[in-house]
Amino acid sequence: MADDHQKMDMDIDNKGEVEQKAKPVMVILVGAPGSGKSTFSEHVMGSSSRPWTRICQDTINNGKAGTKPQCLKSASIALKEGKSLFIDRCNMDKEQRSDFVKLGCGAQVDVHAVVLDLPAQLCISRSVKRTGHEGNLQGGKAAAVVNRMLQKKELPKLHEGFARIVFCHNENDVQAAIKAYSALGPLDTLPNGCFGQKNPDAKIQLGIMKFLKKAEVPSNVGSSSDTAQDSACPQASKEIDPFCKRTNKGSSLLGTAGKEVKESEDLAKGSVGADVFVEDIPTLAFPSISTADFQFNNEKASDIIVEKVKEFADKLENARLVLVDLSHGSKILSLVRAKAAKRNIDSKKFFTFVGDITQLYSQGGLHCNVIANAANWRLKPGGGGVNAAIFSAAGPALETATKERARSLLPGHAVIVPLPSDSPLYTRERVSHVIHVLGPNMNPQRPNPLDNDYTKGCSILREAYTSLFSGFLSIVRSHSKLPWKSCENLVSAPSDLKDPSRGGPKNHLTNSDQKIKRDDDCVSERSKKCKGSHNEIGADISAPSSTRGKVSGDKSKLEGATSKSWGSWAQALYQIAMHPEKHKDELLEVLDDVVVLNDLYPKAQRHLLVLARFEGLDRLADVRQENVQLLMTMHAVGLKWAEKFLHEDSSMVFRLGYHSVPSLRQLHLHVISQDFNSNHLKNKKHWNSFNTAFFRDSVDVIEEIKNHGKATIKDEDSQLSMELRCHRCRSAHPNIPRLKSHISICQAPFPHALLKNGRLVLAPKYNRSNA
DNA sequence: GTTCTAGAAC
DNA sequence: GTTCTAGAAC
């Protein structure tokens with residue numbers, strides 16, 4: 001497997017034969033004496049299948065040290081011969097590198113930098129050994145040389161003209177880079193960008209993805225440029241430049257004060273503090289959803305992947321998506337590759353990669369700050385495939401963090417989990433977030449199979465990718481404009497957003513923006529808050545409105561105008577459903593799928609709520625056919641409690657049902673006694689929400705979902721403002737007090753419609769006498 | 001969802 | 001003057 005990782009599958013978008021031609025690469029090694037530059041090139045050259053030339057200034061003059069012009073001349077000759085090059089000299093500052101970069105750019109080759117940023121002590125001790133055991137004096141000289149070099153150190157940046165920069169800070173990094181370059185066949189290319197840049201505080205580093213001033217970066221780099229994008233001076237690199245740098249603080253044993261001022265000035269252009277470190281390109285690595293264990297058809301899945309990638313490509317700005325599979329022979333990978341090429345998807349925004357999704361950075365040299373997990377509905381480790389691998393690689397930290405976010409997931413939905421800093425995936429692979437996504441299941445051996453219904457399957461798979469990509473975008477966006485200090489809050493705080501439609505201008509950070517970002521952490525919930533859209537059940541509901549593009553742009557505008565978010569006061573039930581353990585005192589019963597509690601403001605003598613414990617099921621409009629089992633469970637549990645109360649008082653009558661448009665988030669079934677004898681029942685809305693068609697009987701909802709896939713939802717404005725009528729004799733009353741005094745004495749039998757189909761729940765003897 | 005309260009309805 | 005509603009704020 002390790003070998004597989006090394007083969008970079010940048011086989012994106014083949015634009016004809018030009019790309020098939022062997023393309024040399026110039027690797028400018030950057031490092032102090034003793035950092036291992038020569039060893040690096042020797043190792044690669046020893047096992048590479050492409051022709052390499054090493055230009056070493058120490059030996060270029062007939063085995064003796066030569067000059068920079070000599071190196072440039074040799075390099076030029078080698079490039080003309082189609083050789084790939086190692087520029088083996090210290091190249092510690094920009095000026096030293098620039099002529100070589102220029103040479104490479106002129107020759108239309110990819111110019112890479114490999115930075116051997118190893119500890120000064122190590123470089124010094126190697127230098128001393130190399131100069132031949134000449135004692136303290138020589139040792140002292142070597143130390144002085146290394147120290148001087150390190151003082152001059154100016155780390156390379158993409159805007160110098162590098163297509164790719166890899167930083168190595170320890171022997172593992174060096175070995176990984178050697179492997180990557182060794183495996184680079186004549187026709188292969190390595191991903192562009194900055195890799196392995198170090199932060200003095202790892203905890204901070206991985207959480208930050210700074211891509212400031214994104215507004216200035218054209219969202220589609222390729223659209224207006226010529227065809228020279230793959231030259232050694234990629235346009236994208238120039239754009240990324242201001243965001244791919246670091247200060248020198250803490251990067252060597254020696255003070256670099258002068259340097260730091262310069263870097264700070266650079267950083268100031270991006271209006272960010274001088275000690276903020278900047279990561280490379282935000283990247284989402286994702287496995288193909290549902291095609292493995294869930295046996296989703298590869299052809300159909302690849303169509304959907306490409307369709308969704310295409311849809312999101314325009315919104316990605318400087319971020320990118322990578323479809324990952326473990327095997328070179330992957331059917332889905334080759335299908336997607338071919339289809340992506342056909343549809344001219346920008347290879348900078350999307351490509352495929354062969355490797356282990358849990359070791360992309362350490363083994364493949366590909367830094368993906370976000371990885372997607374093909375999760376199971378319980379969000380539990382184990383099973384097999386990607387899910388087992390990711391949970392295993394991430395350690396228990398992921399399981400804990402996931403539990404805090406959600407207990408379960410519905411097909412088509414996704415949930416973002418910020419990875420705790422003690423997870424190996426965070427420290428080793430530099431993954432800051434895992435997005436769990438659940439796709440449709442076509443495998444009859446797994447829970448809730450779709451029985452080969454590909455109409456539904458495709459629709460759910462589309463939703464799954466929409467949820468996934470929207471989630472990734474929300475991470476990128478939330479991390480792109482905020483100081484890193486806010487990021488921790490951003491990813492860990494529970495949803496507490498106000499009205500998304502009040503968000504500030506797109507590129508202007510405001511408080512309300514932050515709240516929206518925060519909410520995006522739970523992708524699957526977002527659009528459920530649009531009260532204006534509750535009849536559109538199967539629609540693309542997961543995309544954050546801010547990221548909806550042309551495909552659904554009109555709809556989003558419509559929704560944007562009428563959408564209403566869940567206020568912070570509306571989150572109580574959601575919090576209980578997600579964290580029942582924190583609300584033990586309030587709960588009557590906790591089961592796997594539901595919890596039961598008393599309504600805090602009961603509108604009758606008995607008034608319970610049966611809460612669904614599913615992420616993404618905010619209200620009745622979210623319920624679909626695959627939730628029938630859940631609805632039946634909720635009904636059964638509600639019924640059990642009603643019967644318990646009937647046992648205590650056989651004169652009671654219960655009704656079980658849902659509000660068409662609930663005020664509180666999280667699907668909840670009301671179990672309410674029909675006396676409506678409560679001081680909390682105070683106004684017309686209270687009454688009508690339980691005594692008009694706004695109240696949807698549980699039995700009817702279940703039938704509708706079974707038969708039509710969705711429940712009827714009655715308009716709240718018309719229903720809740722209806723005249724006040726007695727639920728038994730249907731007499732009208734002018735106001736709530738008068739109505740209440742009437743219902744306290746009305747003994748009329750219940751309307752026939754309510755007595756049918758078990759809508760009312762009565763004690764056996766009452767049932768008989770009224771039937 | 002509730003609370004608060006201005007002002008309409010009585 | 002008191003009761004009740006309905007909209008805003010939370």
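Per chain, numbering begins at 1; letters A, B, ... match sequence-line order. Computed from a prediction, not measured in an experiment: that's the story for all the values here.
- You'll find that the side chain of Pro737(A) is closest to dC4(C), out of dA6(C), dC4(C), dT2(B).
- Going from atom NZ of Lys684(A) over to atom P of dA6(C) covers 5 Å, rounded to whole Å.
- dT3(C) atom C1' lies 18 Å from atom NE2 of His733(A), rounded to whole Å.
- One interatomic measurement links the two molecules: CD of Glu716(A) to C1' of dG1(B), which rounds to 13 Å at whole-angstrom precision.
- Checked by atom type, the side-chain pair Glu704(A)/Thr712(A) shows a donor-acceptor distance below 3.5 Å.
- At the heavy-atom level, Lys682(A) lies under 4.0 Å from the strands shown only through sugar-phosphate atoms.
- Counting non-hydrogen atoms under 4.0 angstrom, His668(A) reaches nothing in the nucleic acid.
- The side chain of Leu664(A) has dG1(B) as its nearest neighbour among dT2(B), dA6(C), dG1(B).
- Leu573(A) comes within 4.0 angstrom of nothing in the nucleic acid, heavy atoms only.
- A parallel orientation is assigned to the rings of Phe614(A) and Trp377(A), their planes being inclined by less than 30° (bins at 30° and 60°).
- Taking side-chain N and O atoms only, His680(A) has no distance below 4.0 Å to OP1 or OP2 of dG1(B).
- Put simply, CG on Asn683(A) is 11 Å from P on dG7(C), counting in whole angstrom units.
- The shortest heavy-atom contact between Ala642(A) and Val671(A) is CB-CG1, 4.2 Å.
- Of the N and O atoms on the side chains of Thr402(A) and His436(A), at least one donor lies less than 3.5 Å from an acceptor on the other residue.
- Defined by atom type and a distance below 3.5 Å, a donor-acceptor pair is missing between the side-chain atoms of Ser721(A) and Lys684(A).
- The CG-P distance, from Leu611(A) to dG1(B), rounds to 12 Å in whole Å.
- Contact annotation: His659(A) reaches the phosphate of dG1(B) (side-chain N/O to OP1 or OP2, under 4.0 Å).
- With rounding to whole Å, Asn688(A) atom CG is found 14 Å from dA6(C) atom C1'.
- Across the protein-nucleic acid pair, Lys685(A) atom NZ and dG7(C) atom C1' stand 12 Å apart, rounded to whole Å.
- Between the CG atom of Leu597(A) and the C1' atom of dG1(B) there is a distance of 13 Å, given to the nearest Å.
- You cannot call Tyr601(A) stacked on the base of dG1(B); the centres under 5.5 Å and planes under 30° rule is not satisfied.
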